[in-house]
> 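Before anything else, here's the structure in question.
Protein chains get the first letters and strands the later ones, always in sequence-line order, with residue 1 at the start of each.
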Amino acid sequence: MIAITIKELYTDTEKYLNQNILINGWVRTVRASKSFGFIEVNDGSYFLNLQVVYNEKLANFQAISRLGAGSAITAVGLLVESPGAKQPFELKAASVEIQGLAAPDYPLQKKRHTFEYLRTQAHLRPRTNAFSAVFRIRSVASFAIHKFFQDKGFVYVHTPIITGSDAEGAGDMFRVSTLDFSRLPRDGKGTVDFTRDFFGKETNLTVSGQLEAEAYCMAFSKVYTFGPTFRAENSNTPRHAAEFWMIEPEIAFAGLTENMDLAEAMLKFIVGYVLENTPEEMSFLNKFVDKSLLKRLENAINTDFVHITYTEAVEILKKSGQQFEYQVDWGIDLQTEHERYITEKHFARPVFITDYPQEIKAFYMRMNDDGRTVAAMDLLVPGIGELIGGSQREERPDYLQKRMDELGLNKEDYWWYLDIRRYGGVKHAGFGLGFERLLMYLTGMANIRDVISFPRTPKNAEF
RNA sequence: UCCUCGAUAGCUCAACGGUAGAGCAACCGGCUGUUAACCGGUAGGCUGUAGGUUCGAAUCCUACUCGAGGAGCCA
């Protein structure tokens, strides 16, 4: 017999009802009586379980009744309508074959566990309801991102994970090396001789694919990256990880307005796609993880995002009458408390803040005509804060070089990045979206460690 | 990295200076439609680690380790 997935049973019930079927899966719980019992089975194809009813006529009745959570079984029998209220149908077992026993010390219980404990069981937590929901949504959201960009004619670019430049400026980097750390080669002055290293120079894991994406943007007009990113920052917060995934679209012949339109359309598409394709998961999360989740997401889809400038944001904060821990003043970067006030209290929906002072933004952002702000945009969303950071890029070689000089960047390291401006450089813009932060927004999960399969954070690379 | 809080049975927690407990899980038994199944029983602990105060420490003090929240850095 061919195995039917539990998802097929739920989506095509009429086809399988009163038919003999075979299913595989893992036991979530067994409720046994003297002469009959119930097994809840989940095969991972669907969020919901299948209830298998068995009785003492089965030769291995005793063994089945003793099955612990986590065990794997194959059940064959008739799919019938269930008299119970909690499931539409159930499997009347003609046979239950034990495929893999779970030892009695199986670390997951039927009872609710804390997310902190489940992090210590990262290899087993995908078998729980919450993580089953989160990681299916992660998969569906990944697909939605590709679908959104591919349908719009964007080219997916795989930018390098190992980079030869340590000067991208987006944070501390992890070194990549094959040198023997206990016997480092040194030059005459006693410094490490990286010409003896694998690549003949210092190399690191990427902190952003943006600069490389810009090069491909000048060939394909519309590109995006979607890949792993690494930051060696000692950040201990629920929103930071050392290894995470980032989406970085880049569009040519376009400025900040088109960039924001793209970001808004993308976010709305992904939210809509996930709501439509994972209703059981979303409903579970809304019930047990964040009771305002669905309301917030539907609100995001159905309202236009707010657009204000940094200068306007500062004015709003100053007039708010709120007591902030940090003083608000033009020229100072907005603090988390300021961002949260604007997106959660003042507007209560996603907000783009644009045109920040040049001093607090990256070197590649395009100088505005006022000579003191740059064409940057941050998208703030309720519950998360900064979800997207982007800008129109400085395409004018003289402006770009002047800015690099001011910041003391070594232009030789960026020779190819400057080349892009010399050879048919045009107006272009792009943004970076932290995929895990998007998932936190989509699922209501409060900690980034709970939307990454095996999270890497300072002092933690277990698994 | 800074600030705050926490660490007691496999899990979730109680005991707050005087013999360390409960629920769930495990194990044994009962139960003819269960749904976090239910009912009865058994076993389970050098109270995160190392010092200190005290007649006596899970409880008070110090350091460290790990975890959580806030801040910074950012996505």
> If you compare every side-chain N and O of A:Lys86 against the phosphate oxygens of B:A36 (OP1, OP2), does one of them come in below 4.0 Å?
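Yes.
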> If you only use heavy atoms from C-beta on, which nucleotide in B:G10, B:C27, B:G33 is closest to the side chain of A:Gln109?
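Of the options given, the side chain of A:Gln109 lies nearest B:G10.
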> Between protein and nucleic acid, restricted to nucleotides 65-69 of chain B and to nitrogen or oxygen atoms under 3.5 Å apart, what atom pairs and distances do you find?
| residue | atom | partner | partner atom | Å |
| --- | --- | --- | --- | --- |
| B:A68 | OP1 | A:Arg119 | NH1 | 2.6 |
| B:G69 | OP1 | A:Asn447 | ND2 | 3.2 |
| B:G69 | OP2 | A:Asn447 | ND2 | 3.4 |

> Mark yes or no for a side-chain to base donor-acceptor pair under 3.5 Å between A:Glu90 and B:G33, with no hydrogen or angle criteria applied.
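Under the 3.5 Å cut-off, the side chain and the base do form a donor-acceptor pair.
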> Which is true for A:Pro107 with a 4.0 Å heavy-atom rule: it touches a base, it touches only sugar-phosphate, or it touches nothing?
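Nothing, no nucleic acid heavy atom in range.
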> Looking at A:Arg239 and B:A75, is any side-chain donor or acceptor paired with a base atom of the opposite kind under 3.5 Å?
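Side chain to base: no pair below 3.5 Å.
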> Would you tell me if any nitrogen or oxygen in the side chain of A:Lys34 comes within less than 4.0 Å of OP1 or OP2 on B:C31?
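For B:C31, OP1/OP2 do have a side-chain N/O of A:Lys34 under 4.0 Å.
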> Using a 4.0 Å heavy-atom cut-off, does A:Gln87 contact any base of the nucleic acid, only the sugar-phosphate backbone, or nothing at all?
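Base contact.
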> Please classify the nucleic acid contact of A:Glu40 as base, sugar-phosphate, or nothing, using heavy-atom distances under 4.0 Å.
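Answer is base: heavy atoms of A:Glu40 come under 4.0 Å of a base.
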> Does any donor-acceptor pair link the side chain of A:Arg112 with the base of B:C24 at a separation under 3.5 Å?
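For A:Arg112, whose side chain was compared with the base of B:C24, there is no donor-acceptor pair (under 3.5 Å).
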> Have a look at A:Gln51 and say if it touches a base, only the backbone sugar-phosphate, or nothing, with a 4.0 Å heavy-atom cut-off.
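Here A:Gln51 touches the bases of the nucleic acid.
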> Remember a base hit wins even if backbone is also touched, and classify A:Ala69 as base, sugar-phosphate or nothing at under 4.0 Å, heavy atoms.
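Result for A:Ala69 = nothing.
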> Could you check A:Phe36 against A:Leu67 and say which one's nearest nucleotide on RNA chain B is further toward the 5' end?
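Counting from the 5' end, the first nearest nucleotide belongs to A:Leu67.
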> Under 3.5 Å, is there an N or O donor on one side and an acceptor on the other linking the side chain of A:Ser235 and the base of B:C74?
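No pair found.
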> Counting heavy atoms from C-beta on, name the nucleotide in B:C31, B:C74, B:C73 closest to the side chain of A:Glu233.
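Nearest to the side chain of A:Glu233 among the choices is B:C73.
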> With no angle test and no hydrogens, is the base of B:C74 tied to the side chain of A:His240 by a donor-acceptor pair under 3.5 Å?
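Side chain to base: pair present.
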> Could you check whether the side chain of A:Lys92 and the base of B:G33 have a donor-acceptor pair of N or O atoms closer than 3.5 Å, going by distance alone?
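By the distance-only test, yes, there is a pair.
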> With sugar-phosphate meaning primed atoms plus P, OP1 and OP2, does A:Tyr326 contact a base, only sugar-phosphate, or nothing at under 4.0 Å between heavy atoms?
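Here A:Tyr326 touches the backbone only, sparing every base.
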> Side-chain N or O of A:Thr114 less than 4.0 angstrom from OP1 or OP2 on B:U12?
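Indeed, a polar side-chain atom of A:Thr114 lies that close.
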> Assign A:Asn234 to base, sugar-phosphate, or nothing according to its heavy-atom contacts below 4.0 angstrom with the strands shown.
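Since a base atom lies under 4.0 Å of A:Asn234, the category is base.
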> Identify whether any heavy atom of A:Tyr117 sits under 4.0 Å from a base atom; if not, whether one sits that close to sugar-phosphate; answer base, sugar-phosphate or nothing.
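The answer is sugar-phosphate, as A:Tyr117 gets under 4.0 Å only of primed atoms, P, OP1 or OP2.
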> Does B:G72 have OP1 or OP2 sitting under 4.0 Å from an N or O in the side chain of A:Thr336?
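Yes.
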> Which is true for A:Gly432 with a 4.0 Å heavy-atom rule: it touches a base, it touches only sugar-phosphate, or it touches nothing?
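If one applies the 4.0 Å heavy-atom cut-off, A:Gly432 turns out to touch the sugar-phosphate alone, with no base involved.
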> Which nucleotide in the list B:C27, B:U32, B:A75 gets nearest to the side chain of A:Ser35?
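Closest nucleotide to the A:Ser35 side chain: B:U32.
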> Which whole-number value in Å describes the distance from A:Glu56 CD to B:U32 C1'?
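So the CD-C1' distance, A:Glu56 to B:U32, works out to 9 Å.
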> Grab the CZ-C1' distance between A:Arg31 and B:U34 for me, whole Å please.
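Spelled out: CZ on A:Arg31 to C1' on B:U34 is 5 Å.
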